Amino acid sequence: MKTKATAGIAIHGGAGTILRSSLTTEQEQAYLTALHDIVVAGASVLADGGSALDAVTVAVSLLEDCPLFNAGKGSVYTSAGQIEMDAAIMDGQHRRAGAVACVTNLRNPVRAARIVMEHSPHVLMVGPGAEQFVRQHGAQIEDATYFHTEQRYVQLLRARQEAGMLLDHDGDKLSATSGTTPEAAPLDPDKKFGTVGAVALDMHGNLAAATSTGGMTNKLPGRVGDTAMLGAGCYADNRTAALSATGTGEAFMRSLALHDIAAQMDYAGLSLEQAAHKTIMEKLPQLQGHGGIIGIDRQGNIVLPFNTEGMYRASMRIGDVPLTGIYRDFQKL
Ligand code: ASP
């Protein structure tokens, strides 16, 4: 464990039952390259003396623009065949925060969340009201064709076919119908959860976190997940850590998983690693919660625990090489 604070950043692109056999070498490489390039872009903001808030905004915007990930352009469809995105951002220095939910036409929901934080007296805005407000502050609008990806549409058709016999969440569906745990379920890339996020510590000692998602394929219109809920899918506090989650949103919300990690650090003096392990590996599974988190504390310690087969992730400390991973091990590109 380092004692001297080192600026750094970590990102994720979702977690789930991702088995090696499910991805071709080319697909795997495409994910790793995207993660690598995006973590380097976020780190360069920090290396130039930029703020953690700017670094996570840049990283999550790039993840939203990349169709490989379920956020922004790559967002999944609701049961009504629309997209509805959620995002949040939090500044650990002042514990300011902004979030949007159920937005349909914003290119970068994370930038919209930041507009809510910086230009409104509110924390969370939803739907058309949020879209109208952030548009007045320069948010970029896209029409439905921008968000349409064939892969996501096929996922919706498959999810609709399965809906009659499966429960709400893909991972839960498999365990409920087959008696297997989601981790043991046969791999289907459509079963991976999806959300993107970034956490950073800058050279000034400030923390920030941002999270963005299209939610879950075939979700009910109007459903809001943990991503937009502070303390559940996104949280930052300079006194403890910056955290971003991915996984079964309802379980993260019911346990306020990220705030739970920060509270264990604050009240019980646990390290980020100890607290994150307890929440993700012990407490969340008690609520059938599957997924993972990324976190960085004020010393620059980075953790990326997940209780699923895999999590798309990358991290980089300033002055060090980036690490990228999908499965349990890390790859260096
Ligand atoms: N947590 C997200 C949600 O529930 C989904 C995910 O991370 O895969 O909307």
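Heavy-atom basis, side chains included; hydrogens, waters and symmetry copies ignored. Ligands are counted one by one from 1 in listed order, and the atoms in each one are counted from 1 as well. If you're wondering where the values come from, they're calculated on a predicted model, not measured in any experiment.
- For the pair Asp91 and Arg114, the salt-bridge criterion is not met [side-chain N within less than 4.0 Å of a carboxylate O].
- Under a 3.5 Å cut-off, the side chain of Asp297 and the backbone N or O of Gln299 do form a donor-acceptor pair.
- Annotation: Gly215 places no N or O atom under 3.5 Å from an N or O atom of ligand 1; distance criterion only.
- Within 6.0 Å of CZ on Arg135 lie no more than 12 heavy atoms contributed by other residues, nucleotides or ligands.
- For Gly14, the heavy-atom gap to ligand 1 stays at 4.0 angstrom or more.
- Using cut-offs of 30° and 60° on the angle between ring planes, the pair Tyr31 and Tyr312 is parallel.
- Taking distance alone, with nitrogen or oxygen atoms compared against 3.5 Å, Thr213 stays at or beyond that limit from ligand 1.
- For ligand 1, none of its N or O atoms has an N or O atom of Thr248 under 3.5 Å away.
- Both Leu62 and Leu32 sit in one connected hydrophobic cluster of ILVMFWY residues. Membership requires side-chain heavy atoms under 4.5 Å apart, directly or through other members.
- For ligand 1, the atoms lying closer than 4.0 Å to a non-hydrogen atom of Gly249 are 1 (N), 4 (O).
- Under 3.5 Å, the side chains of Thr104 and Glu131 contain a donor-acceptor pair of N or O atoms.
- Ligand 1 places these atoms under 4.0 Å from at least one heavy atom of Thr195: 1 (N), 2 (C), 5 (C), 6 (C), 7 (O), 8 (O).
- No N or O atom of Glu250 sits closer than 3.5 Å to an N or O atom of ligand 1.
- In terms of N/O distances under 3.5 Å, ligand 1 is approached by Thr246.
- By the 4.0 Å heavy-atom criterion, Gly247 is counted among the residues contacting ligand 1.
- Ligand 1 places these atoms under 4.0 Å from at least one heavy atom of Asp226: 1 (N), 2 (C), 3 (C), 4 (O).
- No part of His12 comes within 4.0 Å of ligand 1, judged by heavy-atom distances.
- Judged by a 6.0 Å distance limit and a 45° cone about the ring axis, Arg107 is not positioned over the six-membered ring of Phe147.
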Working for side chain to side chain contact (heavy atoms under 4.5 Å, CB included), residues Arg152 and Ile83: CA-CA 10 Å; Arg152 299 301 187 204; Ile83 61 140; over 6 Å; no

